[in-house]
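Report on one structure; see the data block that follows.
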Protein chains: 2
Amino acid sequence: MSKLLPEKTIERLSRYRRILLSNVYNEKEFIYSHELAHLLHLTSVQVRRDLMLMGYSGTPTKGYHVTSLITAINDTIDPPEVQYAAVVGMGNFGTAIARHLKNKRDFIRVIAGFDIDNEVINRILPGIKCFHINEIEKVIKELNISFCILTVPPESANLTKDVLIKAGILGILNLTATSLDVPASIFLEEYDIITSLEKIAYFTKHL
Amino acid sequence: MSKLLPEKTIERLSRYRRILLSNVYNEKEFIYSHELAHLLHLTSVQVRRDLMLMGYSGTPTKGYHVTSLITAINDTIDPPEVQYAAVVGMGNFGTAIARHLKNKRDFIRVIAGFDIDNEVINRILPGIKCFHINEIEKVIKELNISFCILTVPPESANLTKDVLIKAGILGILNLTATSLDVPASIFLEEYDIITSLEKIAYFTKHL
DNA sequence: TAGATTGTTAATCGATTAACAATC
DNA sequence: TAGATTGTTAATCGATTAACAATC
């Protein structure tokens with residue numbers, strides 16, 4: 001197994017790929033580090049260093065070959081086979097997230113939702129099956145779901161997390177306002193929109 | 001104006017306050033740095049250092065007085081008066097975000113939504129008025145809106161941002177997959193959920 | 001060749017953590 | 001007082017940026 005790349009580099013590789021896949025550079029065969037940097041508001045050194053860490057090389061004067069760079073990023077960050085994900089907590093927020101993520105990436109497919117509300121459970125969302133949370137362990141195993149996006153109410157977050165881990169999940173994206181405690185074998189990513197807004201309130205107050 | 005605190009400290013202060021306001025410590029008058037740290041999966045040094053940077057003191061042996069700590073955080077991070085926010089792009093995702101944020105914080109109120117779809121514009125959302133994006137400049141000024149949450153399609157993000165800045169907005173939370181270019185006078189916070197998922201895919205593949 | 005660009009090491013910057021004196 | 005905790009400086013760690021040789 002190759003050495004792990006820094007989290008920040010992985011984030012940027014994801015963003016480089018998205019820009020390269022979008023039609024912005026459709027026409028061009030090559031792209032310079034400063035062009036890519038400009039599109040994402042980074043510096044060209046940072047771009048070159050990230051690509052270097054990935055073990056990818058460009059050509060002085062020509063820059064980086066767009067399609068081969070995309071392939072290199074695919075090989076680096078994509079999982080070897082399609083990974084399935086579920087949204088746990090299909091309220092307004094969870095449902096919107098599930099819809100939003102559907103078919104966004106080829107290698108990560110949101111295919112299931114869980115909730116305690118029977119109203120929600122038989123709701124038809126194209127491509128996303130909804131289940132009662134009681135079935136979570138069984139369904140996760142049957143559908144081979146490896147990540148979950150957690151959008152349950154904050155009070156239930158820690159309990160739900162325990163169930164997910166017991167069911168063999170590998171990673172959690174926690175969009176709940178509660179901070180989760182997970183073993184080192186689980187990859188946890190947390191984002192809290194309220195904290196973002198409070199940051200904006202603080203920094204706009206002062207600048 | 002007091003010296004700006006680091007972004008990471010502000011993020012944690014926001015989280016400390018949320019925990020303290022939740023009923024977890026309802027009963028206790030004092031809390032130790034290691035208790036607060038444990039609840040958020042941080043170290044006690046980090047908690048003490050953050051509070052020190054804020055200029056707040058506890059008492060050896062007793063720890064920190066819960067209600068006065070909350071007040072200190074309020075005074076540090078809350079704006080002097082209520083700030084109004086708008087969600088720009090009221091699709092499924094934007095609408096869910098607007099609902100999700102409604103009444104979450106006393107000093108930040110999401111009161112308006114903007115979209116190009118006439119279907120959406122007259123939609124009734126309790127407490128949130130929807131407007132056509134053509135009216136954005138006028139409405140932002142009239143309602144004294146100071147931040148926006150951007151949830152438009154990625155292609156429209158940069159154009160929309162220009163309008164927001166022209167209308168005098170101070171901060172933007174960009175939930176769009178496009179990276180924005182803003183002048184230094186605007187506080188910009190960006191979060192991209194797809195990138196989070198791709199990070200999870202990478203790190204669960206390797207660990 | 002001259003000039004722009006890549007690749008990479010070393011320096012810098014910022015944030016976290018270790019160490020420990022001061023305090024109740 | 002003894003012991004646990006706070007407050008704070010100094011050391012460490014990690015990520016970004018500067019500098020510059022190598023390359024086309």
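Residue numbers begin at 1 in each chain, while the letters A, B, ... track the order of the sequences. What's counted below: heavy atoms across the whole structure, side chains too, no hydrogens, waters or symmetry copies.
Under the 4.0 Å criterion applied to side-chain N and carboxylate O atoms, B:K141 and B:E137 are assigned as salt-bridge partners.
Residue A:T195 forms a side-chain hydrogen bond (donor to acceptor under 3.5 Å, both in side chains) with just one option from B:E189, B:R15, B:R18, B:E11, and that option is B:R18.
Between the side chain of B:Y202 and the backbone N or O of A:L5, at least one donor-acceptor pair lies under 3.5 Å. Of the possible polar contacts, none joining the B:K205 side chain to the A:P80 backbone as a donor-acceptor pair under 3.5 Å is found. Judged purely by atom type and a 3.5 angstrom limit, A:K199 has no side-chain atom pairing as donor or acceptor with the backbone of B:I10. Formation of a donor-acceptor pair under 3.5 Å by the A:T178 side chain with backbone atoms of A:P154 is found in this model.
Within 4.0 Å of A:T61, counting heavy atoms only, lies at least one base atom of the nucleic acid. Counting non-hydrogen atoms under 4.0 angstrom, A:S57 reaches the backbone sugars and phosphates but no base. Across all strands, B:S33 comes closer than 4.0 Å only to sugar-phosphate atoms, never to a base (heavy-atom distances).
Under 3.5 Å, the side chain of A:R49 and the base of D:dT16 form no donor-acceptor pair of N or O atoms.
In this structure, the CG atom of B:L42 is 13 Å from the C1' atom of C:dT17, given to the nearest Å. If you measure from atom CZ of A:R48 to atom P of D:dA21, you get 15 Å, rounded to the nearest angstrom. Here C:dA15 presents its P atom at 13 Å from CE of B:M52, a figure rounded to the nearest Å. Here C:dT16 presents its P atom at 14 Å from CG of B:L40, a figure rounded to the nearest Å. Nucleotide C:dG14 holds its P atom 16 Å from the CZ atom of B:R12, rounded to whole Å. Taking atom CG of A:L51 as the reference point, atom P of C:dT6 lies 9 Å away to the nearest angstrom. One atom, CG of A:L53, and another, C1' of C:dT9, lie 13 Å apart when rounded to the nearest Å. Straight-line distance from the CD atom of B:E7 to the P atom of C:dA15: 8 Å, rounded to whole Å.
Heavy-atom distances to DNA chain D give each of A:T43 and A:T59 a nearest nucleotide, and the one nearer the 5′ end belongs to A:T43.
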Under the 3.5 Å Watson-Crick or G-U criterion, the dot-bracket string of DNA chain D, with | for inter-strand pairs: ..||||||||||||||||||||||
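Looking at the side chain of B:K8, the nearest of the listed nucleotides C:dA18, D:dT17, C:dA15 is C:dA15.
In this model, the phosphate group of C:dG7 is approached by a side-chain N or O of A:Y64 to a distance below 4.0 Å at OP1 or OP2.
Residues A:Y32 and A:S44 are not in side-chain contact: their nearest non-hydrogen atoms beyond the backbone lie 4.5 Å or more apart.
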